[in-house]
Amino acid sequence: MPELPEVETTRLGLKPLLKKTIQEMVVRDHRLRWPIDVNIKNIIKNKVIHDVKRRAKYLVFVLDEGFLLIHLGMSGRLSIVSKKENIKKHDHVDFIFQDSELLLRFNDPRRFGSIHYEEKEIEQHFLIKHLGLEPLEKEFNSDYLFKKSRKKTQCIKNTIMDSRVVVGVGNIYASESLFLAAIKPTRRSGSMTKYECERLVAAIKKIIGDAIKMGGSSINDYASANGSLGYFQQEHKVYGKAGFPCSQCGQLIVKKVLGQRSSFFCKQCQK
DNA sequence: CTGTAGACCTGGAGGC
DNA sequence: TGCCTCCAGGTCTACA
């Protein structure tokens, strides 16, 4: 999927939908990570989109009443396209608007994405309520990570990818952040010093912040809502670079599976 | 409570 | 060309 910077890039690309009224939601395939509730299309009909926010990797459409919650999973994409645009494979859902030649199209080959409606408090939704801090908020700091990592025996990479601790640190940015902080992904979380937590928090904020500024990582032609491509993938220092020399020291980058996910790092630079 | 493996699903790449 | 295996941006759920 899109990692957090890609979701944020998508969110920014959805601005043209503000103040538009949803005329119809067309569901061609309801079989997403959770089946799309058959009632949603009736509930959101004629509602106005007042804002599009983001919590973790969830896009939150603020309607007159209630919220539409969309997750892109691994391969999901939201694009604003012309009503005349041909329907392609995996174009599962369309949102059609009143007085508009454009529509919002949800495409997701692997169907790990999801679409939910929450009537009341979005923070109480079952997919949202357990979530930890946003990486860019100031409460996510070295004191917090140090406290959270105490007594943990798991690898630090798994801890920073745990959404109950901090959200939005996906597989690419976890490897990149650990490289920038010069910390081995296999380090036991409980062994992290206060200073290392400080470096890691700073690295996560820098990597994610920079990636957002650059429009995300366009792996496999990932594109934002307006079709533009991101450039952050050109900045990857270790992710997907197994066997290539480290940009810092020249030693070959290695790949190791942690928590069933590929992790990339430099044995020389990361301790 | 913690940590890990399995599950969901499609498609592309590479080997034979 | 076809078939097989492996791998992929996420994260919930079950189980030890």
Side-chain angles (χ1 to χ4, degrees), chain A residues 1-11 28-36 54-59 69-78 88-93 106-116 125-132 135 147-177 185-191 204 207-208 211-212 214-224 229-236 238-243 255-264:
Chain A
M1 145 188 200
E3 291 208 30
L4 187 141
E6 288 72 26
V7 178
E8 182 63 15
T9 302
T10 297
R11 188 185 76 81
R28 289 183 207 86
D29 194 339
H30 69 281
R31 300 172 303 161
L32 302 186
R33 174 74 196 270
W34 286 272
I36 299 174
R54 181 187 57 70
R55 174 72 172 106
K57 292 170 189 165
Y58 293 92
L59 288 164
L69 196 60
I70 299 183
H71 196 287
L72 301 176
M74 283 278 229
S75 55
R77 189 183 297 197
L78 277 174
K88 295 187 287 294
K89 200 172 181 184
H90 309 304
D91 280 343
H92 306 313
V93 180
F106 177 81
N107 177 288
D108 186 6
R110 292 176 74 179
R111 290 189 275 115
F112 287 167
S114 64
I115 299 179
H116 286 88
H125 192 273
F126 81 103
L127 292 170
I128 303 287
K129 64 181 178 188
H130 68 277
L131 295 175
K147 196 174 168 189
K148 282 284 183 187
S149 59
R150 291 313 84 187
K151 293 180 182 171
K152 274 194 185 296
T153 58
Q154 67 179 173
C155 299
I156 187 62
K157 176 164 181 273
N158 292 345
T159 298
I160 61 173
M161 288 183 71
D162 182 344
S163 62
R164 292 165 305 183
V165 176
V166 57
V167 301
V169 183
N171 202 34
I172 297 176
Y173 298 112
S175 278
E176 293 298 323
S177 298
T186 52
R187 276 283 298 284
R188 301 286 144 180
S189 299
S191 77
I204 289 169
I207 292 287
I208 290 193
I212 289 173
M214 299 184 75
S217 305
S218 296
I219 291 177
N220 295 341
D221 296 330
Y222 171 79
S224 57
L229 297 175
Y231 292 94
F232 193 76
Q233 73 279 11
Q234 295 164 16
E235 302 293 311
H236 294 174
V238 289
Y239 185 81
K241 305 273 188 201
K255 169 177 162 174
K256 188 179 172 72
V257 175
L258 299 174
Q260 305 182 97
R261 312 298 300 278
S262 293
S263 311
F264 301 86

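Protein chains get the first letters and strands the later ones, always in sequence-line order, with residue 1 at the start of each.
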(message) Pairing donors with acceptors under 3.5 angstrom, does anything connect the side chains of Gln154(A) and Ser189(A)?
(response) no
(request) Look only at the side chain of Arg150(A) and the backbone of Gly190(A), and say whether a donor-acceptor pair between them is shorter than 3.5 Å. (result) yes
(request) Write down the distance between CH2 (Trp34(A)) and C1' (dG10(C)), rounded to a whole number of angstrom. (result) 10 Å
Phosphate oxygens OP1/OP2 of [N]: is one of them under 4.0 Å from a side-chain N or O of [X]?
X: Ser163(A); N: dT11(C); value: no
X: Lys151(A); N: dT2(B); value: no
X: His71(A); N: dT11(C); value: yes

(request) Answer with base, sugar-phosphate or nothing: what part of the nucleic acid does Phe126(A) contact at a heavy-atom distance below 4.0 Å? (result) nothing
(request) Take nucleotides 7-13 of chain B nucleotide by nucleotide from the 5' end and write B, S or -, depending on whether a protein heavy atom sits under 4.0 Å from the base, only from the sugar-phosphate, or from neither. (result) -BBBS--
(request) State the NZ-NE2 distance between Lys241(A) and His236(A), to the nearest 0.5 angstrom. (result) 8.5 Å
(request) Working to the nearest 0.5 Å, report the span between CD1 of Ile160(A) and CD1 of Ile204(A). (result) 4.5 Å
(message) In whole Å, measure the gap between the C1' atoms of dG9(C) and dG3(B) for me.
(response) 23 Å
(request) Toss me the dot-bracket line for DNA chain C: Watson-Crick and G-U wobble, both under 3.5 Å, 5' to 3', using | for pairs to another strand and [ ] for crossers. (result) .|||||||.|||||||
(message) By the definition side-chain hydrogen bond (donor to acceptor under 3.5 Å, both in side chains), identify the one residue from Asn171(A), Asp162(A), Thr186(A) that meets it with Lys157(A).
(response) Asn171(A)
Tabulate atom names and distances for all N/O pairs under 3.5 angstrom spanning the protein and nucleotides 14-16 of chain C.
none

